[in-house]
Amino acid sequence: MLCFTVPGDMGSSPFVGITGGASDKTHGSRWRVHDNGGGHSPTVHYLFVSFLLCSSVGVFYIFYLFNNPNLNYNNSLGCQEDNDGSWAIGAFYGDSPFSLKPIEDMNIWDNKSAAWPVANPILTCASVTNSGFPSNYVANPFLYAKDDFLYIFFETKNVITMQGDIGVARSNDNGVNWEQLGVVLDEDWHLSHPYVFNYNHQIYMMPQGSGTRDIRLYKSIEFPFKWKLEKIILQRPLVNSVIIYHENMYWIFGSYQTRLTFGDLEIWYSKTPFGPWTPHMKNPFSGPRNGGRPFIYNGNLYRLGHSENIRVFKIEHLTTHHYIESEVDFKLEKSTKGINAWNGARSHHLDFQRLRTGEWVAVADGDRTHFGDVTSRHVVGCGLIITSGSIVLLTCWLLGFIKCFIPLTHMKKRNDSILNWERLKLRLRLHQTINPNTYMGKFILTVLLILSIVIACIGFGYMYGGNGSEKPYPVNNHFSQFTLLAMTYDARMWNLKMYVNHYSKCASVREILVVWNKGKPPNPLELESAVPVRIRVEEKNSLNNRFRVDPFIKTKAVLELDDDIMMNCDDLERGFKVWRENPTRLVGFYPRLVTGPSPLKYRPEKHARKHDGYNMVLTGAAFVDREFAFERYWSEEAELGRKMVDEVFNCEDVLMNFLYSNSTPGGHSVEYIKPAWAIDTSKFSGVAISGNTQAHYRVRAPTTSPITTAALAVTSENSSTHAADSWPFPVGTDASNKPALVGFSSGYIRMSGIQSTDDSLSHPSGFSNLIYGEKDVFSERLIQH
């Protein structure tokens, strides 16, 4: 933000006088600055304000640039922000084209990518970019079955040319895993909509080319990699064109494209795909553009169309003289998570294939934002920054730094306007409203300055802060989902409603399970949620209920998260990614440290940070493997530990940490994820389970050793039997040479790799073979991935 002044001659004051006259005519001044005489120059004050504003905006910009994990500045190859959108492709299955469900509802598990279950999207710009072909998005998918493979052809936007190319991937498991084969068709113009079909045992592709204004047919020379132009079959700029065979005739459906808009639907017919083509007598027809390949089901022919979402039309009558279609009910399941969902904003393409099993598989594209999102955000951001600058100029005028900042050409009008402005400012000062010498004036000026900085920061956030989505993180190009579990009771309904409303919009949350411990349970319909909510009412008020075996949980991963903890969805997604990479560990957000010598001491997070290490995480905010964790916790051998938890109404997480530690020989059993921020809402509602923190710790410390005994019973039982389904848990020895548990996480885990000098951390009683390692997951592991 700059203010320009017109100085006088070199020997005079650099500020122009208040009145007009020769000086005004000579120098043509349109900006007037007033010098108070003596003291600090008002220009210094003005520059200070401007510097403060710009510095704040700059800090905000740097914070966004390097700390928002959903920005793609660290990936210069692909997946950059694009005004056309951030399209991805998902898979759907069903017994018919009208009963399609997303792949995550099919409960398909893939061990290689730790996707339990596999979730949409199945293809993204990242999966194409990682294969060596930088892409901003993928869209317009078409399936083609050949031999034992299912191929998918799609548009991929080239990052360098900013034009669409045709890419291909293949699958040998009906669309669960896809192998990227690269770009197979690249022209000097934009390509999209790669419609692939078979004619006389030969495979052809009819892509849309925006730079040619015609329809071209390409022939496969070496499927699916090599294609050559066979023929220009129609000199007509039709978009989203498809060819179908019906009633001994070939038909082209496409929408006429003008220079600015897409026109109505047109139909052409011929005896062969090579033409000549004849326009339908009733062209053009009113109807949406094609949204995929037409299909036949139960003897009926259907056409796919799209606006913001997929629509299906039943073709009632199609001849060279007549055409009648009617829209039928069709709803492709769409997420209600908004911008966090891969298809939360729109979907404009769908393609079907019937498998040999009789099941239908479909692929659809989806986008989390609308067209022009980048431009609209930049326009809003620029408007806010200009507004911020205007507030700064207004503040400087009220302080008298700037006398007049309206350029005028006529002397009389200029003098009248200056007079009116001065009268207005005088009235404000007389009423003590904007007087820097009064407390009220200082307060208002401070508010204006803060307001300008906040508005500028918001403006830069719109411009450089991304689209606001909190996207999931893939592992081996696969996404997955987890179940969110919260344990609560009737006095915490305020927490629960806010909790469900917030976390249900996180991309990877499949279901929210509420474990109801006490009081009258709520109706799930009372909770505003984007995912299903299930309430499990317990007979006994026990902390052990948190880990009760539940056969209705559909995911392998469960996030145990107390209903009074609020953090952003991105923290959950980061934690889920780390758990998928280490599914045998507890992955949590609140570290703790247990130290010796005996008796063991339970240390809070502050102590763990001070000593730069941790060896357990709270299970009130941690990912677990439900199959291992729940069954282990409710085994007969752990009964003594569960009884102790009920006695003190505490320490269920201590017991779980011990159980995990004993099942992880020679390695760590916990991982810590540092959240960007976390709020304890129980502080506002006054219904915290552990209201007195110090009393809470006094209960936990003495129970640590007895729980060690209970957990050791599980170890001894399994170590002695050596059953095929058991684990060889390591057992250490304490000073008296008695068996002792190896300890939380099989030892002390460092937060930043700095050697600790605290002897009590080296060999606490019951914690032998302590391990030191670099475990700053937040700063190292996630950056690498």
Side-chain angles (χ1 to χ4, degrees), residues 116 482-483 485 487 513 515 517 536 538-560 579 582-588 594 600 615-620 622-671 700 703-732 738-746 766-767:
W116 305 298
F482 62 87
T483 298
L485 187 150
M487 187 171 62
L513 172 59
V515 178
N517 257 6
R536 192 181 76 200
E538 301 291 350
E539 296 180 357
K540 178 183 178 181
N541 183 14
S542 170
L543 295 180
N544 291 320
N545 294 332
R546 179 192 298 276
F547 306 116
R548 187 175 297 279
V549 177
D550 190 332
F552 297 103
I553 296 178
K554 300 177 182 178
T555 64
K556 187 177 181 70
V558 172
L559 173 58
E560 300 270 359
W579 179 86
N582 306 274
T584 60
R585 301 180 185 179
L586 275 171
V587 177
V594 177
L600 301 181
N615 52 18
M616 70 170 284
V617 293
L618 296 187
T619 56
F623 285 93
V624 300
D625 178 346
R626 66 166 173 90
E627 294 177 329
F628 164 76
F630 294 176
E631 293 176 5
R632 191 93 174 129
Y633 191 90
W634 284 92
S635 63
E636 293 183 6
E637 294 81 5
E639 183 177 2
L640 178 61
R642 296 197 303 273
K643 287 182 178 180
M644 185 167 296
V645 169
D646 282 337
E647 289 177 5
V648 299
F649 205 75
N650 206 325
C651 299
E652 81 285 0
D653 49 355
V654 177
L655 177 57
M656 180 61 78
N657 272 266
F658 268 113
L659 295 174
Y660 259 87
S661 177
N662 284 318
S663 67
T664 314
H668 303 310
S669 64
V670 294
E671 290 276 6
R700 295 171 77 86
T703 58
T704 303
S705 295
I707 286 183
T708 301
T709 304
L712 184 59
V714 183
T715 301
S716 302
E717 178 71 22
N718 285 277
S719 298
S720 61
T721 59
H722 296 287
D725 58 348
S726 65
W727 297 268
F729 301 108
V731 179
K738 295 180 180 179
L741 202 64
V742 168
F744 297 104
S745 185
S746 296
F767 288 76

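Owing to the predicted nature of the structure, the values given are computational and were not obtained by experimental measurement.
Under a 4.0 Å N-O distance rule, the pair D550/R626 does not qualify as a salt bridge. Between K540 and E538 no salt bridge is recorded (no basic side-chain N to carboxylate O distance below 4.0 Å).
Considering only residues two or more places apart in sequence or on other chains, E639 meets the side-chain contact (heavy atoms from CB on, under 4.5 Å) condition with R642, K643.
Separating the OG1 atom in T555 from the CG atom in D625 is a distance of 10.0 Å, to the nearest 0.5 Å. In this structure, L586 CG and H668 NE2 are separated by 14.0 Å, a value rounded to the nearest 0.5 Å. Note: N545 CG to E539 CD = 9.5 Å, rounded to the nearest 0.5 Å. Between F482 atom CZ and L559 atom CG the span is 5.5 Å, to the nearest 0.5 Å. Summarising the geometry, atom CZ belonging to F658 is positioned 10.5 Å from atom OG belonging to S669; distances are rounded to the nearest 0.5 Å. The distance from the OG1 atom of T483 to the CD1 atom of I553 is 5.5 Å, given to the nearest 0.5 Å.
Ring geometry, W579 versus W116: the interplanar angle exceeds 60°, so the pair is classed perpendicular (tilted spans 30 to 60°).
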Inset, instruction - Kindly determine whether V670 and R585 satisfy side-chain contact (heavy atoms from CB on, under 4.5 Å), including the steps that lead there. - result: CA-CA 5 Å; V670 294; R585 301 180 185 179; 6.0 Å; no

Legend entry - Worked check of side-chain contact (heavy atoms from CB on, under 4.5 Å) between L513 and F552: CA-CA 10 Å; L513 172 59; F552 297 103; over 6 Å; no

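Cation-pi geometry between R548 and W634 is satisfied (NZ or CZ under 6.0 Å from the ring centre, within 45° of the ring normal).
Residues V645 and N544 come closest through the heavy atom pair CG1-OD1, 3.5 Å. What you find for M656 and Y633 is that their closest heavy atoms are CE-CD1, 3.6 Å. Pairing each heavy atom of L655 with each of A638, the nearest pair is CD2-O, 4.5 Å. Contact detail for L659 and F628: the closest heavy-atom pair is O-CZ, 4.2 Å. Across all their heavy atoms, E652 and F547 have their closest contact at CG-CE1, 3.6 Å.
Using a 4.5 Å heavy-atom cutoff, the side chains of V515 and L485 are in contact.
Not a single donor-acceptor pair under 3.5 Å links the side chain of N657 to the backbone N or O of V654. Using a distance-only test at 3.5 Å, with no hydrogens or angles considered, no donor-acceptor pair links the side chain of D653 to the main chain of G620.
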